[in-house]
Amino acid sequence: MTWLRGVWWEMSRPHGAEQELLGKSQASVKQEMQDFKQKSTQVYAAMGSILHIVRDVLKDHAVQEEQTEEIVQLTEVAVKKVLENYVVMPDCALETIGATIDEERTSKSYGGEGIMIWLLSLFTFFSANPPATILQPSITPGECWPFQGSQGHVVIRLPEHIRPTAFTVWHISKAVSPSGEVSSAPREFTVFGVDEAMAETLLGIFTYDVHKEIAQTFHVQKELPRTFRYIKFQVQSNWGNPKYTCVYRVQVHGMMASHTNTYRP
């Protein structure tokens, strides 16, 4: 069986242009992580100044000391959330660093490519966005990937193997929704790690709450000493829309295989 594994490895490993592209994507991911670390250091260093400025502003507006302390504490929590969502945990599912969608194993877009669909309000029509929309950093009303009904899934191919640690799901709020509601937002969803043989490993069952912040981070419920190249995001229900579900952005956080000693199948 040893020789068979050797043949399979030789056949499956990237060659030529594919190897060059993979090298570029790995370099991009490493550069992204370096940039994130630099931003993290800068923001942490600035946190004390931010809180000091908040105190001064509140003092200038004659805010009571008790209220000042509460506002400062909330500001600190907000800054830490920004660090968590934008800096501390790099996004490995960005199209710009090489992440792609496995469209053959992904649910079809609602209405199909190029067909006009009724999505946001009585006066808003546009063509169905492709699944790759969820790999973009933009969170603009209408810039989401819609699939039919309340159940569907998308398979993300990462730039390289990673050991996933958390996932962040985004959706617009009622305040910016042209229809004034967000019933198409995902509600209950499941995340799987998928290996090269397409076997699925459950990483967690979660609930996105439209009453909370628009970006919600969910940590892997069971740490595994292994890595995955594919992540499957499977929606089980939405917030009441019977026609379609809209996914704005899915971020995958974790450590690259090249930076860990974890098992790689």
Between [X] and [Y], is any pair of side-chain heavy atoms under 4.5 Å apart?
| X | Y | value |
| --- | --- | --- |
| V155 | I231 | no |
| V235 | Q151 | no |
| F228 | L158 | no |
| R157 | T100 | yes |
| V220 | F167 | yes |
| P130 | W145 | no |
| S177 | P141 | no |
| Q236 | Q234 | yes |

Where [X] and [Y] come nearest, the two heavy atoms and their spacing:
| X | Y | result |
| --- | --- | --- |
| A166 | T217 | CB-CG2, 4.0 Å |
| P159 | C92 | CD-O, 3.1 Å |
| L94 | P137 | CD2-CD, 4.2 Å |
| P164 | L203 | CG-CD1, 3.8 Å |
| T245 | A185 | CG2-C, 4.4 Å |
| E76 | L51 | N-CD2, 3.9 Å |

Verify the distance criterion only: is there a donor paired with an acceptor across the side chains of [X] and [Y] at less than 3.5 Å?
| X | Y | result |
| --- | --- | --- |
| S138 | Q136 | no |
| W170 | Q251 | yes |
| S184 | N241 | no |
| T168 | H253 | yes |

- request: Please step through side chain to side chain contact (heavy atoms under 4.5 Å, CB included) for the pair F192 and H153, ending with a clear verdict.
  value: CA-CA 11 Å; F192 298 91; H153 60 272; over 6 Å; no
field: Centroid-centroid distance, W239 to H211, less than 6.0 Å
entry: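 That pair passes the under 6.0 Å test.
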In Å, rounded to the nearest 0.5 Å, how long is the span from [atom1] of [X] to [atom2] of [Y]?
| X | Y | atom1 | atom2 | value |
| --- | --- | --- | --- | --- |
| Q216 | I214 | CD | CD1 | 9.5 Å |
| E66 | T68 | CD | OG1 | 10.0 Å |
| I139 | C144 | CD1 | SG | 9.5 Å |

task: Any chance you could lay out the salt bridge (charged side-chain N to carboxylate O under 4.0 Å, His left out) test for R226 and D195, step after step, and finish with the verdict?
output: CA-CA 10 Å; R226 58 169 300 182; D195 60 29; 3.7 Å; yes
Charged N-O contact under 4.0 Å between D102 and K232: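 Salt bridge between D102 and K232, a charged N being under 4.0 Å from a carboxylate O: no.
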- prompt: Is the shortest distance from a Lys or Arg side-chain nitrogen in R55 or E69 to a carboxylate oxygen in the other one below 4.0 Å?
  reply: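 A salt bridge links R55 with E69.
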field: Neighbour count >12 (heavy atoms, 6.0 Å) for atom CD, E70
entry: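 Not buried by this count: 12 neighbours or fewer within 6.0 Å.
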message: Around atom CD of Q148, are there more than 12 heavy atoms from other residues, nucleotides or ligands closer than 6.0 Å?
response: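 Counting neighbours around CD of Q148, 12 or fewer heavy atoms of other residues, nucleotides or ligands fall under 6.0 Å, so no.
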query: Relative to each other, are the rings of F233 and F189 parallel, tilted or perpendicular (30° and 60° limits)?
result: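 Aromatic pair F233/F189 classed tilted.
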- prompt: Once the angle between the rings of Y248 and H171 is folded into 0 to 90°, is it parallel (under 30°), tilted (30 to 60°) or perpendicular (over 60°)?
  reply: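 Answer is perpendicular, since the angle exceeds 60°.
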[X], [Y]: one ILVMFWY side-chain cluster at the under-4.5 Å cut-off?
| X | Y | value |
| --- | --- | --- |
| L58 | I53 | no |
| V176 | V182 | yes |
| V54 | V63 | yes |

field: Derivation and outcome, side chain to side chain contact (heavy atoms under 4.5 Å, CB included), residues I162 and T165
entry: CA-CA 9 Å; I162 73 160; T165 56; over 6 Å; no
query: Taking T133 for the side chain and N129 for the main chain, is one N or O donor matched with an acceptor at less than 3.5 Å?
result: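 Flag not set: sc T133 to bb N129 has no pair under 3.5 Å.
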task: Tell me whether the guanidinium CZ or amine NZ of R105 lies under 6.0 angstrom from the six-membered ring centre of Y230 and within 45° of its axis.
output: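 The answer is yes, since R105 meets both limits relative to Y230.
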query: Yes or no on side-chain hydrogen bond (donor to acceptor under 3.5 Å, both in side chains) for E188 and S237, after CA distance, side-chain angles and deciding distance?
result: CA-CA 5 Å; E188 297 171 326; S237 65; 3.3 Å; yes
task: Evaluate the criterion side chain to side chain contact (heavy atoms under 4.5 Å, CB included) for residue pair R249 and D91; output intermediate values, then yes/no.
output: CA-CA 11 Å; R249 186 181 182 188; D91 181 11; 3.1 Å; yes
- request: Take I101 and L135 through the side chain to side chain contact (heavy atoms under 4.5 Å, CB included) test and state the conclusion after the steps.
  value: CA-CA 9 Å; I101 298 295; L135 306 180; 3.9 Å; yes
